[in-house]
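To start, the structure under review is shown below, and the notes come after it.
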Number of protein chains: 2
Amino acid sequence: MREKRCGRGAWWQDRFQDMGARITAPREVVLDILHETDDHVSATDVYVKAHEINPTIGLTTVYRTLDMLTQMGIVQKFDFGDGKSRYELVNNPDGKKHHHHLICLRCKTILDYTEFLDDELEFIGKTQNRLSKKYNFNITDHAISFYGFCEQCK
Amino acid sequence: MREKRCGRGAWWQDRFQDMGARITAPREVVLDILHETDDHVSATDVYVKAHEINPTIGLTTVYRTLDMLTQMGIVQKFDFGDGKSRYELVNNPDGKKHHHHLICLRCKTILDYTEFLDDELEFIGKTQNRLSKKYNFNITDHAISFYGFCEQCK
DNA sequence: TATTTATTGAAAATGATTTTCATTATTAAA
DNA sequence: TTTAATAATGAAAATCATTTTCAATAAATA
């Protein structure tokens, strides 16, 4: 087993309560794994790690949990074009800060960058406000990706 | 058959020449279809239309052509999380202007928006310059998506 | 405690995308 | 031109991520 959540419960557990979703062992394991990871992980990545911790956890449940977390806005789902989805905590207290992506169209390499967040914040904030109003959308997250060719491929 | 390219060749044909790629009937049909479409189409969408025009064109070739065009930067490939990739011309002279996406996490609806392009242009241009320099990347395109819940789903 | 409801995992089904391979069309060379 | 090399094609088979089905289990509620 692994150490339990600290104190009265992790930040995400309240969200579960609100949704009437149960806090189960498999779900805790998935959340723990996401907290420990800096990378964008695939469902299989999560499954493999989960399986090491608790071999009874099935791939289906991993998919279901990841999907649920995505819909709750706790996890962000990415598709970089290599056929499998990647998942990442939106708010990882210990982990990597919010970042954007630079994707090579030939070799599919993904570079995370965190620079220029100040300029970005300004732009995103403004746009987000305008969009939510205009389209009556409750915006919870965003993604910015640049495409092109990396040093090796250009 | 359908009308041939006007004059000495469409803009994309030069790109083909440069790459040593042949301008074949199936490829012309795929390009034509993309030009006629405003939507983000799936490979199957393209295949169905291509098939109406020329029933000998196979799905495999559609995939291959789309992939090739993506790598050439002529087409942009999107994944919105519904399991199939979408493709769209980057420069569609007659078609829709460059736009960004507003995606509902529950019902998966995709809204295109084109507002606020002036602010965006400024932000994107600046960031793009900085990134190309810093990471020695040849940036050809970008994508911005906002996630959240639409009117019905929130 | 009994009963309803949510969650789970295994196995099967689905469905998009890739690979294989033999054939055909195109270009380059002789 | 004719020929040799190469690129492109399509059908069928193979892959592989993701979903669905369904019976079993666990948790919440009456």
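No experiment lies behind these values; they were computed from the predicted model shown. Just the heavy atoms: all of them, side chains too, but no hydrogens, waters or symmetry mates, feed the values below. The chains referred to below are lettered A, B, ... by the order of the sequence lines, with proteins before strands, and numbering in each begins at 1.
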A:Arg22 side-chain N/O to D:dA26 phosphate OP1/OP2 under 4.0 Å: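 No, outside the criterion.
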Set out, line by line, the N/O atom pairs under 3.5 Å between protein and nucleotides 13-21 of chain D.
residue : atom : partner : partner atom : Å
D:dT18  : OP1  : A:Ser85 : N            : 2.9
D:dT18  : OP1  : A:Ser85 : OG           : 3.1
D:dT18  : OP2  : A:Tyr63 : OH           : 2.4
D:dT18  : O5'  : A:Tyr63 : OH           : 3.2

Expected output: side-chain B:Arg86 to main-chain B:Lys77 donor-acceptor under 3.5 Å: no
[N] [atom2] sits how many Å from [X] [atom1], rounded?
{"X": "A:Arg27", "N": "C:dG9", "atom1": "CZ", "atom2": "P", "result": "10 Å"}
{"X": "A:Asp82", "N": "C:dA16", "atom1": "CG", "atom2": "P", "result": "18 Å"}
{"X": "A:Asn54", "N": "C:dT7", "atom1": "CG", "atom2": "C1'", "result": "14 Å"}
{"X": "A:Phe80", "N": "C:dT17", "atom1": "CZ", "atom2": "P", "result": "17 Å"}
{"X": "A:Met19", "N": "D:dA27", "atom1": "CE", "atom2": "C1'", "result": "17 Å"}
{"X": "B:Leu66", "N": "C:dT18", "atom1": "CG", "atom2": "P", "result": "10 Å"}
{"X": "B:Ile23", "N": "D:dA8", "atom1": "CD1", "atom2": "P", "result": "11 Å"}
{"X": "B:Phe16", "N": "D:dA7", "atom1": "CZ", "atom2": "C1'", "result": "13 Å"}

Ring-ring centroid check B:His101 B:Phe78, cutoff 6.0 Å: yes
A:Phe137 and A:Tyr135 aromatic centres sub-6.0 Å: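 Not close enough - the centres of the two rings lie 6.0 Å or further apart.
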5' precedence on DNA chain D between B:Tyr47 and B:Ala21 (nearest-nucleotide basis):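 Closer to the 5' end of DNA chain D: B:Ala21.
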Whether B:His99 and B:His40 hold their rings parallel, tilted or perpendicular, with breakpoints at 30° and 60°: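 B:His99 and B:His40: perpendicular rings.
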Plane angle bin for B:Phe146 and A:His142 - parallel if under 30°, tilted between 30 and 60°, otherwise perpendicular: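 Geometry flag for B:Phe146 against A:His142: tilted rings.
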A:Tyr47: partners by ring-ring contact (aromatic ring centres under 6.0 Å, His included), with sequence neighbours left out: A:His51
